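Read the structure below first, then the notes.
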Amino acid sequence: MKITPRTLKGFRDFLPESMIPRERLMETARDVYRSFGYSPIDTPALEYLEILSGKGGEESDRLMYHFEDHGGRKVGMRFDLTVPLARFAAQHINELGKPFKRYHLGPVWRGENTHRGRYRELIQCDFDTIGVKSAVSDLETGLVIHDLLQAIGFEHFTIRVNDRRLLNGLLENLGLREQSAALLRALDKLGKIGPEKVAQEMMAVGGATQSQAEQVLQLASLSGDDASQLKQLAKLVGDSELGQAGVAGLEAVLQGARAAGVSTNCLQIDASIARGLDYYTGVIYETFLDDLPGIGSICSGGRYDNLAELYTKQELPGVGASLGLDRLLAAMEELGMLEKVGTPADVLLVYFSAAGLSDYLRLAAALRAQGVGVELYPEAKKIGHQLRYADRRGFPAAIIAGDDELARRECQLKNLSSGQSSTFPLDDTAAIAEAVKKCAAP
RNA sequence: GUGGCUAUAGCUCAGUUGGUUAGAGCACUGGAUUGUGGUUCCAGGGGUCGGGGGUUCAAAUCCCCUUAGCCACCCCA
């Protein structure tokens with residue numbers, strides 16, 4: 001009786017075809033983060049339960065995988081990278097200095113119900129700047145998102161920016177500060193259920209009056225250029241100090257972004273985004289793909305005033321965002337942006353007979369030293385078989401060097417998409433490497 | 001967590017009012033072609049019909065339970 005091979009609900013295997021673009025995406029994220037000066041860190045998958053359940057209480061029990069280890073310690077698996085960052089920062093900030101900019105790519109686990117694009121094990125790609133309150137860091141966070149999406153290959157996307165202080169300032173003005181959580185939750189559904197139902201929910205659940213609900217909804221109906229939108233917002237928040245700070249924050253982000261060359265198409269105010277994380281206190285970002293808005297935000301983040309207050313007396317403000325790798329890959333798949341490749345190598349080296357093995361090994365080593373990925377076929381099967389293998393795996397090229405070629409100290413390089421071959425001296429590995437790279441280029 | 005839909009070969013699916021040995025396309029392996037892939041032709045392997053229980057002379061087909069997936073809602077650190 002064999003054990004049925006299967007994976008847990010919400011957990012997935014990745015075949016090369018999906019793992020290759022996945023790794024590429026992570027590499028792109030790392031490159032962009034590094035280009036802004038963020039440094040890599042890592043933290044354990046397991047933490048003491050008390051670290052992770054700091055504020056969640058009962059709710060976190062449902063969401064988090066937790067258990068008792070063999071030493072009787074109560075432990076939990078991290079469900080995001082922000083809480084571990086808070087612990088990490090509280091523990092190490094004196095060695096790190098401020099500001100501290102880090103990126104962190106890694107899996108997190110959530111024991112909640114699964115949906116399309118939502119799994120129990122997922123990769124997060126976070127970057128944060130902690131230890132400073134500067135608006136420059138707020139702005140830079142948006143710039144990273146912008147550069148990241150461009151580096152991945154997106155042209156049509158919208159980074160929506162908002163500021164928590166704006167919303168709270170308005171609510172303060174209206175005397176609704178106490179109910180802000182319920183009201184923001186309602187406001188966040190705007191795109192989904194429309195303004196009328198949002199107003200209804202605000203009145204029913206949030207305790208707002210009709211006119212209060214309408215004023216909150218005005219936030220979401222701005223028009224005109226940056227300056228006039230900011231003017232409208234300033235008017236809405238009136239003399240609320242908090243609200244004015246929010247307007248100023250947004251102004252700084254918009255001006256900076258324009259100075260850095262970010263177009264109005266790619267980054268704009270959307271005062272209705274309110275979603276999520278309770279701990280955000282300032283600027284908020286959410287990013288949508290214009291060609292696939294239904295998939296939701298693929299990169300979100302914002303500013304939080306005191307990341308690590310649960311763990312240290314030191315005040316540690318921060319700002320950052322997180323790329324939802326799995327959701328983004330699902331989107332790219334749907335948009336046909338992922339070409340199917342079954343191999344990461346550039347060329348297949350056909351194996352004729354053991355007599356040529358030393359030459360093959362020497363050639364392969366020389367090509368690899370020049371940055372060309374080479375796969376040597378491991379057995380002397382028929383050439384047709386080996387070429388078919390190369391074709392199906394998506395190799396762009398094959399090197400063919402049988403007894404005849406080797407006797408002449410030559411090899412053939414066959415471009416598998418055009419079908420054309422050319423001959424090179426076996427020793428001229430620089431020329432071969434260059435020709436292979438030409439085949440591999442799109 | 002609530003409600004609905006679904007599960008047949010590696011993948012996409014057919015399978016009549018319950019009826020005898022469960023099929024197709026693609027993929028895979030071998031051959032036609034002993035040194036040139038993608039096309040074509042031939043052959044082959046691969047299924048306890050998601051799992052368990054029940055009804056029946058007889059179940060892929062009907063009933064119950066369970067697991068997994070999809071959709072909507074709830075929630076979202």
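Each chain gets a letter, A, B and so on, in the order the sequences are listed, and its residues count up from 1. If you're wondering where the values come from, they're calculated on a predicted model, not measured in any experiment.
Using atom P as the reference point in both B/U8 and B/C13, the two lie 9 Å apart (nearest Å). B/G25 and B/A9 are spaced 12 Å apart, taking the C1' atom of each and rounding to whole Å. For the P atoms, the distance from B/G50 to B/U61 is 8 Å, rounded to whole Å. To the nearest whole angstrom, the two P atoms, one in B/A7 and one in B/G15, are 11 Å apart. For the P atoms, the distance from B/C5 to B/A22 is 30 Å, rounded to whole Å. The P atoms of B/A24 and B/G31 are separated by 23 Å, rounded to the nearest whole Å. Taking the C1' atoms as reference points, B/C42 lies 24 Å from B/G47, given to the whole Å. Using P as the reference atom, B/C76 and B/U17 are 48 Å apart when rounded to the nearest Å.
Here the CZ-CZ distance, from A/R102 to A/F88, works out to 8.5 Å after rounding to the nearest 0.5 Å. Going from atom SG of A/C411 over to atom CG of A/L406 covers 8.5 Å, rounded to the nearest 0.5 Å. Atom CZ in A/F100 sits 9.5 Å away from atom CG in A/D128 (nearest 0.5 Å).
Among B/A32, B/G30, B/U36, the nucleotide with an atom closest to any side-chain atom of A/I383 is B/U36. Taking only side-chain atoms of A/T114, from C-beta outward, the nucleotide of B/C75, B/G37, B/C70 with the closest atom is B/C70. The side chain of A/L387 sits closest to B/U36 out of B/G31, B/U36, B/C70. Side-chain atoms of A/H115 lie closest to B/C73 of the nucleotides B/U36, B/C73, B/C70.
Rounded to an integer number of Å, the gap from A/I295 CD1 to B/C70 P is 13 Å. Atoms CZ (A/R118) and P (B/A72) sit 12 Å apart, rounded to a whole Å. Here the C1' atom of nucleotide B/C76 and the CE atom of A/M64 are 14 Å apart, to the nearest Å. For the pair A/R388 CZ and B/U39 C1', the computed distance is 12 Å after rounding to whole Å. Look at CG on A/D404: it is 8 Å from C1' on B/G35, rounded to the nearest Å. Between the NZ atom of A/K197 and the C1' atom of B/C73 there is a distance of 12 Å, given to the nearest Å. To the nearest angstrom, P of B/C76 lies 11 Å from CG of A/L63. Summarising the geometry, the separation between CD on A/E286 and C1' on B/A77 is reported as 14 Å, rounded to the nearest angstrom.
When both distances must be under 3.5 Å, the Watson-Crick or G-U wobble mate of B/C41 is B/G31. Pairing for B/U17 is absent, judged as Watson-Crick or G-U wobble with the two contacts each under 3.5 Å. Applying the Watson-Crick and G-U wobble criteria (two distances, each under 3.5 Å), B/A24 pairs with B/U12. The partner of B/C73 is B/G1, by the rule that a Watson-Crick or G-U pair needs both atom distances under 3.5 Å. Across all strands shown, B/G47 remains unpaired; no Watson-Crick or G-U wobble contact has both distances below 3.5 Å.
Around the CD atom of A/E379, the shell of radius 6.0 Å holds more than 12 heavy atoms that belong to other residues, nucleotides or ligands. Counting non-hydrogen atoms of other residues, nucleotides and ligands closer than 6.0 Å to CD of A/E68 gives a total above 12. Around the CZ atom of A/R12, the shell of radius 6.0 Å holds more than 12 heavy atoms that belong to other residues, nucleotides or ligands. For A/R408, the CZ atom counts as densely surrounded, since its 6.0 Å shell holds more than 12 non-hydrogen atoms of other residues, nucleotides or ligands.
Between the side chain of A/K414 and the base of B/U36, a donor-acceptor pair under 3.5 Å is found. At a cut-off of 3.5 angstrom, the base of B/G37 holds at least one donor-acceptor pair with the side chain of A/D391. One cannot find a donor-acceptor pair under 3.5 Å joining the base of B/U36 and the side-chain atoms of A/Q386.
Counting any heavy atom pair closer than 4.0 Å across all strands shown, A/R393 reaches no nucleic acid atom. Using a 4.0 Å heavy-atom cutoff across all strands shown, A/N113 reaches at least one base atom of the nucleic acid. Using a 4.0 Å heavy-atom distance criterion, A/G10 is classed as a sugar-phosphate-only contact. A/E405 comes within 4.0 angstrom of a base, heavy atoms only. In this structure, A/F352 reaches the bases: a heavy-atom distance under 4.0 Å links it to at least one base atom across the strands shown. A/T7 comes within 4.0 angstrom of no nucleic acid atom, judged by non-hydrogen atoms across all strands.
Considering only side-chain N and O atoms, A/H385 lies under 4.0 angstrom from the phosphate OP1 or OP2 of B/G30. For A/K9, no side-chain nitrogen or oxygen approaches OP1 or OP2 of B/C70 to under 4.0 Å. Close to B/C75, at under 4.0 Å from its OP1 or OP2, lies no side-chain N or O of A/R110.
Side chain to side chain, A/Q210 and A/E214 meet the donor-acceptor criterion of an N or O pair below 3.5 Å.
For the pair A/D403 and A/K189, nearest-nucleotide mapping onto RNA chain B gives the more 5' position to A/D403. Both A/R392 and A/N415 lie close to RNA chain B; mapped to their nearest nucleotides by heavy-atom distance, the more 5′-ward contact belongs to A/R392.
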